[in-house]
Asks: 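What follows is a structure written as structure tokens; I'll ask about it next.
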Amino acid sequence: MDRSGSVITDSALEYGDALPEGGALLGLDLGTKTIGVATCDAGWRYATAGKTIPRSKFTKDCGKLREIVTERSIKGIVIGLPRNMDGSEGPRAQASRAYARNLSQALELPILLWDERWSTSSAEGAMIGQDMSRAKRAEKIDSHAAAVILQGAIDALAGGGI
């Protein structure tokens with residue numbers, strides 16, 4: 001727990017306990033230049049790709065995310081945690097953890113850090129399967145990766161595992 005009382009965890013079980021009544025969730029794929037955004041329904045069934053937000057200063061990014069949280073009545077956030085293939089964490093994972101701490105304090109919502117290995121390649125494969133052009137894929141990859149991250153998390157939450 002951080003100072004605001006919001007949970008920041010990489011355990012779906014602990015995160016689910018922080019959201020006993022469910023609610024819509026926001027999924028984020030944090031890139032160095034953009035933030036991919038996805039949302040899911042309050043029943044945690046389907047993740048849907050949203051917009052891609054160009055990265056800026058944290059305050060500006062947070063303002064945009066706050067608008068989505070308010071507009072969609074978001075109850076929690078799932079952030080992709082970029083682990084190395086061996087499961088270890090490098091500088092990008094530490095940056096994601098720091099972003100989660102800052103976002104938790106700003107928005108006072110529980111945050112789940114979800115292993116995002118393979119999310120981008122999975123999203124790209126799905127878009128190729130939809131016969132999406134290379135240009136369209138480049139434009140939408142981050143939000144689709146956020147949807148893959150969020151779907152993995154809500155599948156675990158709905159099943160009560162991990």
Asks: Could you walk me through whether I77 and L65 satisfy the side chain to side chain contact (heavy atoms under 4.5 Å, CB included) test, starting with their C-alpha distance in whole Å, then the side-chain angles of each, then the deciding distance to 0.1 Å, before giving a yes or no?
Replies: CA-CA 10 Å; I77 300 171; L65 294 172; over 6 Å; no
Asks: What is the distance from atom CD1 of I8 to atom CD of Q105, rounded to the nearest 0.5 Å?
Replies: 7.5 Å
Asks: Mind checking what makes salt bridge (charged side-chain N to carboxylate O under 4.0 Å, His left out) contact with R72, not counting sequence neighbours?
Replies: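 Partners of R72 under the salt bridge (charged side-chain N to carboxylate O under 4.0 Å, His left out) test: none.
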Asks: Looking at Q151 and A47, what are the two nearest heavy atoms and their distance?
Replies: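 Distance-wise, the nearest heavy atoms are OE1-N, 2.8 Å.
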Asks: Consider side chain to side chain contact (heavy atoms under 4.5 Å, CB included). Of L19, L26, V69, V7, which one does L109 pass it with?
Replies: V69
Asks: So, using salt bridge (charged side-chain N to carboxylate O under 4.0 Å, His left out) as the criterion, who are the partners of R55 when residues are at least two apart?
Replies: D61
Asks: Which heavy atom of G36 sits nearest to which heavy atom of A146, and what is that distance?
Replies: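 Smallest interatomic distance, heavy atoms only, reads O-CB, 3.4 Å.
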Asks: In terms of heavy-atom contacts, does NZ of K64 have more than 12 from other residues, nucleotides or ligands at under 6.0 Å?
Replies: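 Yes - once you tally the heavy atoms of other residues, nucleotides and ligands closer than 6.0 Å, there are more than 12.
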Asks: Please find the pair of heavy atoms, one from A156 and one from A12, that lie closest to each other, and give the distance.
Replies: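 The pair with the smallest heavy-atom distance is CB-CB, 4.1 Å.
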Asks: What verdict does the side chain to side chain contact (heavy atoms under 4.5 Å, CB included) test give for I35 and L30, after you've listed the backbone C-alpha separation in whole Å, the side-chain angles of each residue and the deciding distance to 0.1 Å?
Replies: CA-CA 5 Å; I35 301 171; L30 303 175; 4.0 Å; yes
Asks: Would you find a donor on one side and an acceptor on the other, under 3.5 Å apart, between the side chain of E116 and the backbone of I149?
Replies: no
Asks: Is T70 reaching over with its side chain to a backbone N or O of R66, donor-acceptor style, under 3.5 angstrom?
Replies: yes
Asks: Find out whether L112 and L25 are in side-chain contact, i.e. whether some heavy atom of one side chain is under 4.5 Å from a heavy atom of the other.
Replies: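 Sidechains of L25 and L112: no contact.
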Asks: Run through L103, V78, I68 and flag the one making a side chain to side chain contact (heavy atoms under 4.5 Å, CB included) with L28.
Replies: L103
Asks: May I ask whether I79 and F58 are part of the same hydrophobic cluster, defined by side-chain heavy atoms of I, L, V, M, F, W, Y residues being less than 4.5 angstrom apart, directly or through others?
Replies: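 As far as the 4.5 Å side-chain criterion goes, F58 and I79 are connected within one cluster.
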Asks: For D10 and R83, what are the C-alpha separation, side-chain angles and deciding distance, and is it a side chain to side chain contact (heavy atoms under 4.5 Å, CB included)?
Replies: CA-CA 12 Å; D10 52 7; R83 292 193 168 156; 3.0 Å; yes
Asks: Can you see which heavy atom on P82 is nearest to which on G80, and at what distance?
Replies: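 Closest approach of P82 to G80: CD-O, 3.5 Å.
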Asks: Can you name the nearest heavy-atom pair linking A158 to W44, along with the distance?
Replies: CB-O, 4.3 Å
Asks: So, taking the atom named OG1 in T9 and the one named CH2 in W114, what distance separates them when rounded to the nearest 0.5 Å?
Replies: 10.5 Å
Asks: Decide yes or no on side chain to side chain contact (heavy atoms under 4.5 Å, CB included) for L81 and R97, but give the supporting numbers first.
Replies: CA-CA 8 Å; L81 184 63; R97 286 186 182 279; 3.6 Å; yes
Asks: List the atom of A147, the atom of A49, and the distance in Å for their closest heavy-atom pair.
Replies: CB-N, 3.8 Å
Asks: First locate atom OG1 of T34, then atom CG of D29, and finally report the distance between them rounded to the nearest 0.5 Å.
Replies: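 That separation rounds to 7.0 Å.
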Asks: Any chance you could measure Y99, atom OH, to I111, atom CD1, to the nearest 0.5 Å?
Replies: 9.5 Å
Asks: Give every residue pair that meets the ring-ring contact (aromatic ring centres under 6.0 Å, His included) criterion with at least one member in residues 77-96, sequence neighbours excluded.
Replies: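 Not a single pair qualifies under ring-ring contact (aromatic ring centres under 6.0 Å, His included).
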Asks: Could you state the interatomic distance from CG (L113) to CZ (R101), rounded to the nearest 0.5 Å?
Replies: 9.5 Å
